[in-house]
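Down below is the structure, laid out as structure tokens.
Protein chains get the first letters and strands the later ones, always in sequence-line order, with residue 1 at the start of each.
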Number of protein chains: 2
Amino acid sequence: MDTAIMEDYLKTIYELERERGPPVGTSAIADALSVTAPTATRMLEKLAEEDLLEREKYSGVELTEHGRAIALETIRHHRLLEAYLVEHLDYEWEEVHDEAERLEHHISEDFEERIASELDHPPVDPHGEPIPSADLEAPVEEDVEPLSAHKAGETVVIASVRERDAETLRYLEEEGIVPGRELTIVEITPVGTYVMECECDSRQLPESSADRIYVRSAAARSDAATEEVPGL
Amino acid sequence: MDTAIMEDYLKTIYELERERGPPVGTSAIADALSVTAPTATRMLEKLAEEDLLEREKYSGVELTEHGRAIALETIRHHRLLEAYLVEHLDYEWEEVHDEAERLEHHISEDFEERIASELDHPPVDPHGEPIPSADLEAPVEEDVEPLSAHKAGETVVIASVRERDAETLRYLEEEGIVPGRELTIVEITPVGTYVMECECDSRQLPESSADRIYVRSAAARSDAATEEVPGL
DNA sequence: GACCGGATTTAGATACGTCTAACTCTTAAG
DNA sequence: CTTAAGAGTTAGACGTATCTAAATCCGGTC
């Protein structure tokens, strides 16, 4: 049996593995889910018993094949829902996260298929994140890095905006910080502000945002760079 | 705080009050929800504490204003979802119940409004049941009775089909037993079979189905009889 | 008016997911 | 090599929702 809460843990662990690599520590998981460390420990024990992850006491966990499949299915639900809400129900990109976060655990396989085909099987969600395919293979991650890993003078293309906060997202969209946009880093100030420039205009970002904006080099720009992001 | 499970209890009590009138007994609720009587007792105590219903020990419960509002909101979600699935995601009328049953507890007010307006605020769901309005006033129930309350020779119009079983629903649709259809009862056989006739054809129904098909007299037919039922 | 049967409630137990408080392990510094 | 800080775990508890088994209530029958 797997519950909505187990799905949240597995999804979170998947994302942490993606960002920092396995093994993932108990506190990182607890923080991400806003629970206490003992709560996370308990749940990790349980997930390990069900062979959804491998657990090394005092060190961390790593998803098994099976655990990863459940994580990917949950993420697929989440991102398809986000895309659907934007495309068919006029949601703005900053509004979709919370709605998708609840619904992702409760839609049927059938529902998933229907919205996927209604959307014509989009490769990415409104934030530029890849939507896992129905076979639940881990998507091949593009060669992207946070904006904050780049230096002044470099020109990059925004791949995805991994920001949750609605207000920040609304601001970023207004500023044109959306997937597909090409930007040049003009300057990184001593206080960490990123001064950016695109065709038309210049804009500034604090470092905290630069951590969550993933980009690829404009040089290494592939065809994927021109993919349409639904609804934006 | 109200949970998905509390919503299910309140919704069930509302439906039982609608069909049999208050007070509603513990076992009826327990049966409808497939739980044991002690489980229902416990939950009813809790709902009474939260002033969602009035409870007379050993006798039964009756929804308060507040409890009824929650029930109606849940039912509104359910029926709007059913209508949306049929209209926009190509579901058949026998497929929508289970999907809506899960999702009804997890959609936001915002989502509710968006699908309602996308559907142009339909008055009824695909089974002909009225959709409570956003202000959560109890809908004025049309003057309908089960088909099984009628006699041979009477002509009636189907108002709603309160059947859950998918296979039965598929059969009924094939047989043209859908909301809005006018039928004449040709004969009720000694074993309870209803032999029906419409413009085109004749068909038979067991009594168990006749209990769940709600009709109004063709004589008393109002304009409401010609309401479009979305997607059928 | 006592009694019986069915409905209802009480009592005690379990599983899940959470908490705080206290303890233990690992690691990096000195 | 020792130790202190921080990460992780154990212990004990709580609230929700469920169960089975046992006790109790209520309405109708004789």
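Contact check, Y58(A) against dT10(D): no side-chain N or O comes under 4.0 Å of OP1 or OP2. Between S27(B) and the phosphate of dT8(C), there is a side-chain N or O to OP1/OP2 separation shorter than 4.0 Å. An OP1 or OP2 oxygen of dT9(D) is reached within less than 4.0 angstrom by a side-chain nitrogen or oxygen of T41(A). An OP1 or OP2 oxygen of dA17(D) is reached within less than 4.0 angstrom by a side-chain nitrogen or oxygen of T3(B). At least one side-chain nitrogen or oxygen of K57(B) sits closer than 4.0 Å to the OP1 or OP2 atom of dT10(C). For dT9(C), one of the phosphate oxygens OP1 or OP2 lies less than 4.0 angstrom from a side-chain nitrogen or oxygen of T26(B).
When rounded to the nearest whole Å, the span between CD of E49(A) and C1' of dA15(C) equals 13 Å. Atom P of nucleotide dT16(D) and atom CG of D2(B) are separated by 13 Å, given to the nearest angstrom. Atom CG of L47(A) is separated from atom C1' of dG17(C) by 12 Å (rounded to the nearest Å). M6(A) places its CE atom 12 Å from the C1' atom of dG17(C), with the value rounded to the nearest Å. Atom-to-atom, CD of E56(B) to P of dT8(C) comes out at 13 Å; the value is rounded to the nearest Å. Distance, E45(B) CD to dA11(C) P: 10 Å, rounded to whole Å. Atom CG of L44(A) is separated from atom P of dT10(D) by 12 Å (rounded to the nearest Å). Distance, I5(B) CD1 to dG15(D) C1': 13 Å, rounded to whole Å.
Residues L53(A) and V24(A) are not in side-chain contact: their nearest non-hydrogen atoms beyond the backbone lie 4.5 Å or more apart. Taking 4.5 Å as the limit, some side-chain heavy atom of I5(A) sits within range of a side-chain heavy atom of Y9(A).
Nearest to the side-chain atoms of R55(A) among the listed nucleotides dT9(D), dT18(C), dC19(D) stands dT9(D). Distance from the side chain of T39(A) is smallest to dT18(C) among dT10(C), dT20(C), dT18(C).
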Open item on the list: Using the rule given for side-chain contact (heavy atoms from CB on, under 4.5 Å), can you reason through L169(B) versus H127(B), listing the C-alpha separation, both sets of side-chain angles and the distance that settles it, and then say yes or no?
Closed with: CA-CA 10 Å; L169(B) 278 169; H127(B) 304 97; 4.0 Å; yes
TODO: Could you check S133(B) against D135(B) for side chain to side chain donor-acceptor pair (under 3.5 Å), going step by step and ending with a plain yes or no?
DONE: CA-CA 5 Å; S133(B) 59; D135(B) 62 13; 2.5 Å; yes
Task: From CA spacing to verdict: side-chain contact (heavy atoms from CB on, under 4.5 Å), D8(B), H105(B) - done: CA-CA 9 Å; D8(B) 278 334; H105(B) 307 296; 3.0 Å; yes
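The base of dT9(C) has none of its N or O atoms less than 3.5 Å from a complementary donor or acceptor on the side chain of R42(B).
Between E50(B) and V35(B), the residue whose closest nucleotide on DNA chain D is further toward the 5' end is E50(B). Take the nearest nucleotide of DNA chain C for K46(A) and for G60(B): the residue whose nucleotide is more 5' is G60(B).
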